[in-house]
Amino acid sequence: QVQLVESGGGLVQAGGSLRLSCAASGRAFSRYGMGWFRQAPGKEREFVAAISRSDGITNYADSVKGRFTISRDNAKNTMYLQMNSLKPEDTAVYYCAASSKLYVPSTTGEYGYWGQGTQVTVSS
């Protein structure tokens with residue numbers, strides 16, 4: 001198993017930036033593909049970005065392409081989400097997740113482990 005803890009959320013003005021972190025503990029971090037999802041009030045949880053185990057393959061939702069960057073440091077057991085040019089519609093609780101799949105999954109059902117989430121609020 002792997003335990004995940006997100007941090008770095010907060011309140012930011014539109015156009016600003018935030019960097020989220022996801023710290024992992026438990027089984028070897030590098031064995032898992034990792035992803036970020038978000039859930040706004042009254043909406044379903046949606047895919048944001050994902051990164052493969054060790055070769056740096058990434059996948060992004062169209063809504064964040066060019067603004068968000070996902071990365072990971074396997075030596076530190078940590079994944080990151082750099083969010084630039086934030087918009088009010090990016091406001092949500094952001095979750096990190098771990099998957100044992102070999103590819104880079106983009107649906108919630110493909111992830112077996114989840115963090116508790118961190119709130120991101122973008123004011124207009």
Side-chain angles (χ1 to χ4, degrees):
Q1 289 191 346
V2 61
Q3 292 78 44
L4 305 172
V5 178
E6 304 93 336
S7 62
L11 173 64
V12 63
Q13 289 187 334
S17 298
L18 282 174
R19 188 176 82 154
L20 304 183
S21 298
C22 173
S25 60
R27 290 189 61 188
F29 179 64
S30 61
R31 294 182 182 180
Y32 295 94
M34 298 296 296
W36 287 100
F37 289 77
R38 67 187 181 187
Q39 188 166 17
K43 295 187 177 181
E44 293 187 353
R45 192 169 298 188
E46 66 173 5
F47 171 74
V48 175
I51 188 166
S52 61
R53 296 177 175 187
S54 60
D55 54 7
I57 295 173
T58 58
N59 185 20
Y60 294 93
D62 289 343
S63 59
V64 306
K65 280 182 181 176
R67 300 188 299 123
F68 291 11
T69 302
I70 189 171
S71 62
R72 65 188 295 167
D73 185 337
N74 286 346
K76 295 182 178 180
N77 288 356
T78 304
M79 174 180 66
Y80 306 97
L81 185 68
Q82 178 66 45
M83 305 186 294
N84 298 329
S85 302
L86 282 161
K87 305 174 181 180
E89 51 263 44
D90 294 318
T91 295
V93 177
Y94 283 70
Y95 298 90
C96 69
S99 172
S100 59
K101 303 293 185 182
L102 295 177
Y103 51 92
V104 186
S106 60
T107 61
T108 56
E110 296 173 293
Y111 288 82
Y113 304 97
W114 294 84
Q116 292 300 306
T118 185
Q119 176 70 47
V120 171
T121 303
V122 184
S123 63
S124 58

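Computed from a predicted model, the values in this text were never measured in an experiment. The figures here come from the full heavy-atom set of this structure, side chains too, leaving out hydrogens, waters and symmetry mates.
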Could you identify which residues cluster with L102, counting Ile, Leu, Val, Met, Phe, Trp and Tyr as linked when any side-chain heavy atoms lie under 4.5 Å apart, either directly or through a chain of such contacts? none

The remaining residues in the hydrophobic cluster of Y80, counting side-chain heavy-atom contacts under 4.5 Å among Ile, Leu, Val, Met, Phe, Trp and Tyr, are none

For residues 13-25, which side-chain donor-acceptor pairs fall under 3.5 Å, sequence neighbours excluded?
{"from": "S17", "atom 1": "OG", "to": "N84", "atom 2": "OD1", "distance (Å)": "2.9"}
{"from": "S25", "atom 1": "OG", "to": "Q3", "atom 2": "OE1", "distance (Å)": "3.4"}

In short, salt bridge (charged side-chain N to carboxylate O under 4.0 Å, His left out) pairs touching residues 35-62 with sequence neighbours left out are R38-E46, R38-D90, D62-K65

Considering all heavy atoms of both residues, which atom of L81 and which atom of W36 are nearest to each other, and what is their separation? CB-NE1, 3.4 Å

Determine whether a donor-acceptor pair (N or O, by modelled atom type, separation under 3.5 Å) exists between the side chain of S85 and the backbone of R67. no

All pairs passing disulfide bond (SG atoms under 2.5 Å apart) where residues 27-70 contributes a residue, at least two apart: none

Only counting residues at least two apart or in another chain, list the ones meeting side-chain hydrogen bond (donor to acceptor under 3.5 Å, both in side chains) with E6. none

Following the transitive rule for hydrophobic clusters with a side-chain heavy-atom cut-off under 4.5 Å over Ile, Leu, Val, Met, Phe, Trp and Tyr, establish whether M79 and Y95 coincide in one cluster. no

Using every non-hydrogen atom in the two residues, find where G117 and V93 come nearest and quote the distance to one decimal. CA-CG1, 3.8 Å

Give me each pair satisfying salt bridge (charged side-chain N to carboxylate O under 4.0 Å, His left out) with a member in residues 76-89, each pair once, sequence neighbours excluded. none

Only counting residues at least two apart or in another chain, list the ones meeting side chain to side chain contact (heavy atoms under 4.5 Å, CB included) with A50. F47, V104, Y111

Not counting sequence neighbours, which residues clear side-chain hydrogen bond (donor to acceptor under 3.5 Å, both in side chains) with T108? List them please. none

Straight-line distance of S100 OG to Y32 OH, nearest 0.5 Å: 7.0 Å

Would you please name every residue forming a side chain to side chain contact (heavy atoms under 4.5 Å, CB included) with T58, sequence neighbours left out? I51, Y60, I70

Pairwise disulfide bond (SG atoms under 2.5 Å apart) hits with a residue in residues 35-78, at least two apart: none

Is the shortest heavy-atom distance from the side chain of L86 to the side chain of F68 under 4.5 Å? yes

Tell me the side-chain hydrogen bond (donor to acceptor under 3.5 Å, both in side chains) pairs involving residues 114-124, sequence neighbours left out? Q119-T121

Output for pair (I57 CD1, S52 OG), nearest 0.5 Å, gives 4.5 Å

Here the pair of heavy atoms bringing N77 nearest to F29 is OD1-CB, 3.4 Å

Residues V2 and A98: closest non-hydrogen pair is CG1-CB, 3.9 Å

Tell me whether F37 shares a hydrophobic cluster with L4, the cluster being built from Ile, Leu, Val, Met, Phe, Trp, Tyr side chains joined at under 4.5 Å. no

